[in-house]
Number of protein chains: 2
Amino acid sequence: MDLPNQSGFQSVIKARNLRMTNQRRQILQVLQESDEHLDAEAIYDRVRQKDARVSLATVYRSLTLFKNLGLVDERNLGEDYRRFETAQDEPHYHFTCLACRKVIEFNAPEIEQKIIPQIEAQGLKVTEAHLIVSGYCADCQRDQTRGKKHADTHLRIPNQTNLR
Amino acid sequence: MDLPNQSGFQSVIKARNLRMTNQRRQILQVLQESDEHLDAEAIYDRVRQKDARVSLATVYRSLTLFKNLGLVDERNLGEDYRRFETAQDEPHYHFTCLACRKVIEFNAPEIEQKIIPQIEAQGLKVTEAHLIVSGYCADCQRDQTRGKKHADTHLRIPNQTNLR
DNA sequence: ATCCCTATTGATAATTATTCTCATTATCAA
DNA sequence: TTGATAATGAGAATAATTATCAATAGGGAT
């Protein structure tokens, strides 16, 4: 949630002679207010609830703009799981539960302090690094062992009877 | 390229009463022969060159099957960059050049030895971990500073004049 | 070698997520 | 207030992947 405030955003916008529209304000606000990881569709839904008449195309356009302005990051949190979040100062990484799709953030200073320097020592220039960890959260592990019903649409545990 | 050989594959297939078809053989062979990271379309092209009449749908179906059998891994090597590779014994991670799309593999034992154990200590069960690093390889850095023409279709360097 | 069951395939339609098109609207500097 | 043009809405277009279904082909049993 440490995003430039609206007036800060406004100056960024004007400096590039872009325009500060109501749609952009709404979309940015939704992103700032949420601490979840939303996709374009979810952002679209929330913006509409706030009554703005914003089209899905505009949501996509705005997200692309915000990405390019460095205000928003697009994250691939696993297979078929692209989400957006406001840009953070601290580098951080993501664990995704394959059953309930919950996202848990964590730090891993080894990446910035050891792994990336090692890569750059080979002459490569690093601009981005994502560590994507998948598995099962504590709750869903419990449910599975109990054989409980849960949102198994996304279960990726290989199933002997359905390999195809 | 340390994949079960064809006879090993055959036994895996039969054990699940699946069938060893010519299409599957061809697709698997393409994956084994290549040390690049291919997408479904590229696999499709190569299989067709070997003259088999294989449909794209079958390529997708086979890749899904191989994934579920643990013979093949699907990798998200960055934005819009899903590729397949034969399953490896050693965990490894990927650097992708944003300019030429070259992929360089590297090890990072800190991930398996420190980061994952820390995550699991919190009660999470980890089944997968991908470290995706993006940036510019030595060659493309050189080209850029010289202002050379190169495949800039994929350049992601924010461009002040084209933010939208 | 032949038969039969059914797993697999090819061709193509359907689906999903995202981007594009273009006429219309709205922002904002003058 | 006006004018230049950035931005939008609505829907068409695109691209990647999956689903449908009749036809084909493994491979165990005979």
Side-chain angles (χ1 to χ4, degrees), chain A residues 6-7 9-28 38-45 47-48 51-69 72 74-84 153-154 160-164, chain B residues 6-7 9-28 38-45 47-48 51-69 72 74-84 153-154 160-164:
Chain A
Q6 292 288 355
S7 65
F9 173 49
Q10 188 142 353
S11 61
V12 173
I13 286 284
K14 285 189 182 169
R16 314 242 186 187
N17 89 308
L18 303 170
R19 289 172 186 175
M20 182 41 129
T21 67
N22 202 49
Q23 288 87 337
R24 287 175 180 170
R25 241 188 305 268
Q26 301 287 339
I27 293 165
L28 196 54
L38 305 173
D39 63 5
E41 195 73 35
I43 294 166
Y44 175 64
D45 290 343
V47 169
R48 304 207 109 205
D51 155 89
R53 62 178 87 78
V54 175
S55 72
L56 185 55
T58 293
V59 171
Y60 276 107
R61 283 186 288 233
S62 299
L63 289 172
T64 303
L65 175 67
F66 296 159
K67 268 197 297 178
N68 290 335
L69 290 173
V72 163
E74 185 173 5
R75 301 282 190 175
N76 251 298
L77 301 179
E79 222 176 322
D80 292 319
Y81 208 47
R82 295 172 73 176
R83 294 296 125 109
F84 295 88
T153 316
H154 300 109
Q160 188 133 339
T161 61
N162 180 21
L163 288 166
R164 278 157 293 179
Chain B
Q6 292 287 356
S7 64
F9 173 49
Q10 188 140 354
S11 62
V12 173
I13 286 285
K14 285 188 182 170
R16 314 245 186 185
N17 88 309
L18 302 171
R19 288 173 187 175
M20 182 41 128
T21 67
N22 202 49
Q23 288 87 336
R24 288 175 180 170
R25 240 189 305 266
Q26 301 287 338
I27 293 165
L28 196 55
L38 305 174
D39 62 5
E41 195 73 36
I43 295 165
Y44 176 62
D45 290 344
V47 169
R48 303 208 111 203
D51 157 86
R53 61 177 88 77
V54 175
S55 72
L56 185 54
T58 293
V59 171
Y60 277 107
R61 283 186 288 233
S62 299
L63 288 172
T64 302
L65 175 67
F66 295 160
K67 268 198 297 180
N68 289 336
L69 290 173
V72 163
E74 186 173 5
R75 301 282 189 174
N76 251 298
L77 302 179
E79 222 176 321
D80 293 318
Y81 208 48
R82 296 172 73 177
R83 295 295 125 111
F84 295 89
T153 317
H154 299 109
Q160 189 133 337
T161 60
N162 180 21
L163 287 166
R164 278 159 290 179

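To find a chain, count down the sequence lines: A is the first, B the second, and so on, and within it residues start at 1.
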(message) Need to verify one output field. Residue with the more 5' nearest nucleotide on DNA chain D, B:T21 or B:R82?
(response) B:R82
(message) Using OP1 and OP2 only, check whether a side-chain N or O of B:Q23 sits under 4.0 Å from D:dA25.
(response) no
(message) Please determine whether a side-chain nitrogen or oxygen atom of A:S55 lies at a distance below 4.0 Å from atom OP1 or OP2 of D:dG11.
(response) no
(request) Report yes if a side-chain nitrogen or oxygen of B:Y60 is closer than 4.0 Å to either non-bridging phosphate oxygen (OP1 or OP2) of D:dT18; otherwise report no. (result) no
(message) Can you tell me which nucleotide in D:dT17, D:dA19, C:dA7 comes closest to the side chain of B:N17?
(response) C:dA7
(message) If you apply the rule side-chain hydrogen bond (donor to acceptor under 3.5 Å, both in side chains), what do you find for B:R61 with B:T58, and how did you get there?
(response) CA-CA 5 Å; B:R61 283 186 288 233; B:T58 293; 3.1 Å; yes
(message) Without decimals, in angstroms, what is the distance between A:R61 CZ and C:dA26 C1'?
(response) 14 Å
(request) Decide yes or no for A:N22 and A:Q26: does some side-chain heavy atom of the first lie under 4.5 Å from some side-chain heavy atom of the second? (result) yes
(request) May I have the distance from B:M20 (atom CE) to C:dT6 (atom C1'), rounded to whole angstrom? (result) 18 Å
(request) Take the protein atom CZ of B:F84 and the nucleotide atom C1' of D:dA16, then report the distance between them rounded to whole Å. (result) 11 Å
(request) Determine yes or no for a side-chain-to-main-chain donor-acceptor pair under 3.5 angstrom, with B:R24 supplying the side chain and B:R19 the backbone. (result) yes
(message) When you measure only distances, ignoring hydrogens and angles, does the side chain of B:R19 come within 3.5 Å of the base of D:dG28 through a donor and an acceptor?
(response) no
(request) Starting from C1' on C:dT12, measure out to OH on B:Y44 and report it in whole angstrom. (result) 12 Å
(request) Specify the residue among A:E41 and B:L56 whose closest nucleotide of DNA chain C lies further upstream toward the 5′ end. (result) B:L56
(request) Would you mind reporting whether A:R25 and A:F9 have side-chain heavy atoms less than 4.5 Å apart? (result) no
(request) Can you tell me the distance, in whole Å, between the CD1 atom of B:I27 and the C1' atom of C:dG10? (result) 12 Å
(message) Without decimals, in angstroms, what is the distance between B:E74 CD and D:dA16 C1'?
(response) 12 Å
(message) Whole angstroms only, please: what is the CG-P distance between B:N68 and D:dT18?
(response) 11 Å
(message) Can you measure B:L18 atom CG to D:dG28 atom P for me and round it to whole angstrom units?
(response) 12 Å
(request) Give a yes/no answer on whether the side chain of B:R24 brings an N or O atom under 4.0 Å of OP1 or OP2 in C:dT8. (result) yes
(request) For D:dG9, take OP1 and OP2 only and decide whether either is under 4.0 Å from a side-chain N or O of A:T58. (result) yes
(request) With rounding to the nearest 0.5 Å, note down the distance linking OG in B:S62 to NZ in B:K67. (result) 12.5 Å
